[in-house]
Protein chains: 2
Amino acid sequence: MVRSEEVIDELKRIVKQKGLKYTEQREIVLNILLNANEHLTAEEVYNLIKEKNPESNIGIATVYRALGFLEDVNLITSITFGTDGKKYESNFKDHHDHLICTNCGKIVEFMDDEIEKRQDKIAKKNKFRVTSHSMQLYGICSECQKKQS
Amino acid sequence: MVRSEEVIDELKRIVKQKGLKYTEQREIVLNILLNANEHLTAEEVYNLIKEKNPESNIGIATVYRALGFLEDVNLITSITFGTDGKKYESNFKDHHDHLICTNCGKIVEFMDDEIEKRQDKIAKKNKFRVTSHSMQLYGICSECQKKQS
DNA sequence: TTCAATGCAAAGTGTTTGCAAGCTA
DNA sequence: TAGCTTGCAAACACTTTGCATTGAA
């Protein structure tokens, strides 16, 4: 995990290097994700901004554009699951994979060195130079199992 | 892997047991997925039907309804990854994961017992009853590496 | 001063629903 | 025949786009 200010500085650097403008809106969106403990949909980000930064009067289109931009420059990542649509998270969290409850949508993060090692091995065997990966295990979480039975 | 006819019989059994009607449309949709080698979106299923069963004049709404029904009765599963939306696959296929070349789009399928075992272990530790998973390794395939260098 | 970025609303997507007609049991 | 299913089109929800305006460099 990295300090928020460092990531914001990184955003400033990227924007400058690309000859684009630095805007408060992109910073707000990035900040929301840096401080979020869970994966957020575009709409959730939008609602959080209205709640935490009511003065900003941001539009939903801008949120979508900011999310797209931040994903392009690799500051955030998205995963998509079930009916909740695309969910975003900051890239400044330790690497992890996801366990996803297909009933309630809960996402649990995990990390397993053994799997990471095997992935490298598989990539080598297939002569791929792997740049990233994503893994999702779908199932029913313990709470939902109780409710169902 | 199971023979198509057995799965179709299973569908007939389920439909009867639920007091519903057996229709050609549901059978066609199921058959498309049984014979598909990849995960298909609703629209891809629809297009395949128009190609392989042009006489059926099926509507896209029926495809969605059939997919929903087949998923409810556990003959097929859906997962969502990337930007293509919900993708379906039959529950009667051998399992595999994907290596994806981000340059040319080539997809290589693989399967690794060690990873599968670790996944089970992780699921147990988190008290999830896992029903499916998807893993993608993104990178550059050997041909594209040659072209780039 | 320039032109990227924004907010708004309209236009696109993909998916679901209402309904009259069709078809299975 | 009864009522589940269908095809069609309209309705929906989510996301993107066009455009005039704003604002960062």
Side-chain angles (χ1 to χ4, degrees), chain A residues 8-9 11-32 39-50 53-73 75-76 78-88 105, chain B residues 8-9 11-30 32 39-50 53-73 75-76 78-88:
Chain A
I8 300 290
D9 284 348
L11 171 60
K12 286 180 181 163
R13 206 187 54 68
I14 291 169
V15 163
K16 185 176 235 172
Q17 185 247 310
K18 284 183 172 275
L20 303 176
K21 309 287 161 73
Y22 186 78
T23 66
E24 198 191 9
Q25 285 87 339
R26 296 213 258 239
E27 177 178 326
I28 291 175
V29 169
L30 180 53
N31 234 323
I32 289 284
H39 300 76
L40 301 175
T41 63
E43 201 150 358
E44 286 166 342
V45 170
Y46 177 63
N47 289 331
L48 275 171
I49 294 175
K50 289 198 137 182
N53 302 68
E55 77 289 356
S56 75
N57 189 38
I58 199 170
I60 186 77
T62 301
V63 172
Y64 277 104
R65 281 187 281 230
L67 289 170
F69 173 79
L70 294 171
E71 187 171 19
D72 277 350
V73 300
L75 291 174
I76 66 175
S78 69
I79 66 169
T80 313
F81 155 72
T83 48
D84 295 346
K86 220 170 182 177
K87 293 190 170 188
Y88 294 87
Chain B
I8 300 291
D9 284 347
L11 171 60
K12 286 180 181 163
R13 205 187 53 70
I14 291 169
V15 163
K16 185 176 236 173
Q17 184 246 311
K18 284 182 172 277
L20 304 175
K21 308 285 161 75
Y22 187 78
T23 67
E24 197 190 10
Q25 286 87 338
R26 298 214 256 239
E27 177 177 325
I28 291 175
V29 169
L30 180 53
I32 290 284
H39 298 214
L40 301 175
T41 63
E43 201 149 356
E44 286 166 342
V45 170
Y46 178 64
N47 290 330
L48 276 171
I49 294 175
K50 288 197 134 181
N53 301 69
E55 78 289 357
S56 77
N57 189 38
I58 199 170
I60 185 77
T62 301
V63 172
Y64 277 103
R65 282 187 280 230
L67 289 171
F69 173 79
L70 294 171
E71 187 173 19
D72 277 351
V73 301
L75 291 174
I76 65 176
S78 71
I79 66 167
T80 314
F81 56 83
T83 49
D84 297 345
K86 217 170 183 176
K87 293 189 170 190
Y88 294 86

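Please read all numbers here as calculations on a predicted model, not as lab measurements. Per chain, numbering begins at 1; letters A, B, ... match sequence-line order.
Whole-Å rounding puts the A:Lys18 NZ to D:dA24 C1' distance at 18 Å. One can place CG of A:Asn53 at 12 Å from P of C:dG7, the figure rounded to the nearest angstrom. The nearest whole Å value for the distance from the CD1 atom in B:Ile58 to the P atom in D:dC8 is 11 Å. One can place NZ of B:Lys50 at 12 Å from C1' of D:dG7, the figure rounded to the nearest angstrom. Look at CD1 on B:Ile28: it is 12 Å from C1' on D:dT6, rounded to the nearest Å. As a whole-Å value, the separation of A:Tyr46 OH from D:dC14 P is 13 Å. Rounded to whole angstrom, the span from the NZ atom of A:Lys86 across to the P atom of C:dT15 amounts to 14 Å. Rounding to whole angstrom units, CD of residue A:Gln17 and P of C:dA4 are separated by 16 Å.
Qualifying side-chain contact (heavy atoms from CB on, under 4.5 Å) partners for A:Lys50, counting only residues two or more places apart in sequence or in other chains: A:Tyr46. Every side-chain contact (heavy atoms from CB on, under 4.5 Å) that B:Ile49 has, sequence neighbours left out, goes to B:Ile28, B:Val29, B:Ile32, B:Val45, B:Asn53, B:Ser56, B:Ile58, B:Val63. Qualifying side chain to side chain donor-acceptor pair (under 3.5 Å) partners for A:Glu24, counting only residues two or more places apart in sequence or in other chains: none. Taking A:Ser78 as the reference, A:Glu71 meet the side chain to side chain donor-acceptor pair (under 3.5 Å) condition, with sequence neighbours excluded. Residues that satisfy the side chain to side chain donor-acceptor pair (under 3.5 Å) test with A:Gln25, not counting sequence neighbours, are absent from this structure. Here A:Ala61 pairs with A:Arg65 under the side-chain contact (heavy atoms from CB on, under 4.5 Å) rule; sequence neighbours left out. For A:Lys16, there are no side chain to side chain donor-acceptor pair (under 3.5 Å) partners, not counting sequence neighbours.
Side-chain atoms of B:Glu27 and B:Tyr22 include a donor-acceptor pair closer than 3.5 Å.
Residue contacts for B:Ile60: at a heavy-atom cut-off of 4.0 Å it reaches no nucleic acid atom on any strand shown.
Mapping A:Ala61 and A:Phe69 onto DNA chain C via the closest heavy atom, the residue that lands nearer the 5' end is A:Phe69.
The CD atom of B:Glu43 sits 6.0 Å away from the OH atom of B:Tyr64 when rounded to the nearest 0.5 Å.
Overall bending of the helix from C:dT1-D:dA25 to C:dA25-D:dT1, expressed as the angle between end axes built from five pairs apiece, is 30° (10° steps).
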Look for any protein N or O under 3.5 Å of an N or O in nucleotides 23-25 of chain C and output each such pair with its distance, or none.
| unit_1 | atom_1 | unit_2 | atom_2 | d |
| --- | --- | --- | --- | --- |
| C:dT24 | O2 | B:Lys21 | NZ | 3.2 |
| C:dA25 | OP1 | B:Tyr22 | N | 3.4 |

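Among the nucleotides C:dG7, C:dT17, D:dT5, the one closest to the side chain of B:Arg26 is D:dT5. Closest approach to the A:Arg65 side chain among D:dG18, D:dG7, C:dT16 is made by D:dG18 (side chain taken as heavy atoms from C-beta onward).
Using a 4.0 Å cut-off, some side-chain N or O of B:Gln25 falls inside it from OP1 or OP2 of D:dG7.
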